[in-house]
Amino acid sequence: MNWLLVVAGAMAGAPLRYLTDRAVQSRHDSVFPWGTFTVNTAGSLVLGVLTAAAPSHLQLLLGTGLCGALTTYSTFSYETLVLAREGARGYAAANVVLSVACGLGAAFAGVALGRWLWG
């Protein structure tokens, strides 16, 4: 029945990704993909918290399910390629560097927070 936890988390994560992406992107007058950047960074933080020592049912529900549907490597890749193809190579490079650096930073911060939360 673990798969039900994953499904339930994904059912929340996918619409949350779409709504967050649209809300964040609509507030920026830039070609930079702020919406995708936001969901990927937030998902990295949450996954870091959970992997520190959260109970397995929370890891399935929120880690695999919610974060798996919330974050998106494919959209990050696609948006980066579109930026480069359309001549916004600086934005494309910034997207790669910032997404990797902030995603890893958020994951490390999440692990530290998770260790504090879970003891």
Test your reading of the model: is there a side-chain donor-acceptor pair from [X] to the backbone of [Y], 3.5 Å cut-off?
X     : Y     : answer
Asn40 : Thr72 : yes
Gln25 : Thr20 : no
Gln59 : Leu50 : yes
Thr41 : Thr38 : no

How many angstroms lie between atom [atom1] of [X] and atom [atom2] of [Y], to the nearest 0.5 angstrom?
X     : Y     : atom1 : atom2 : value
Phe76 : Thr71 : CZ    : OG1   : 12.0 Å
Leu66 : Leu58 : CG    : CG    : 11.5 Å
Leu83 : Phe32 : CG    : CZ    : 8.0 Å
Leu16 : Leu70 : CG    : CG    : 5.5 Å

Kindly indicate whether the side chain of [X], heavy atoms from C-beta on, has any atom under 4.5 Å from the side chain of [Y].
X     : Y     : result
Ser30 : Tyr91 : yes
Asn95 : Pro33 : yes
Leu4  : Met1  : yes

[X] and [Y]: which non-hydrogen atoms are nearest, and at how many Å?
X     : Y     : value
Ser26 : Ala23 : OG-O, 3.0 Å
Gly43 : Cys67 : O-SG, 3.6 Å
Ala14 : Ala69 : N-CB, 3.5 Å
Ala10 : Pro15 : O-CD, 4.2 Å

Under 4.5 Å between side-chain heavy atoms, hopping through other hydrophobics if needed: is there a path connecting [X] to [Y]?
X     : Y     : value
Leu5  : Leu62 : yes
Val6  : Val46 : yes
Leu81 : Leu98 : no
Val96 : Trp34 : no

(message) Applying side-chain contact (heavy atoms from CB on, under 4.5 Å) to Val111 and Val49, what does each step give before you reach the verdict?
(response) CA-CA 5 Å; Val111 168; Val49 169; over 6 Å; no
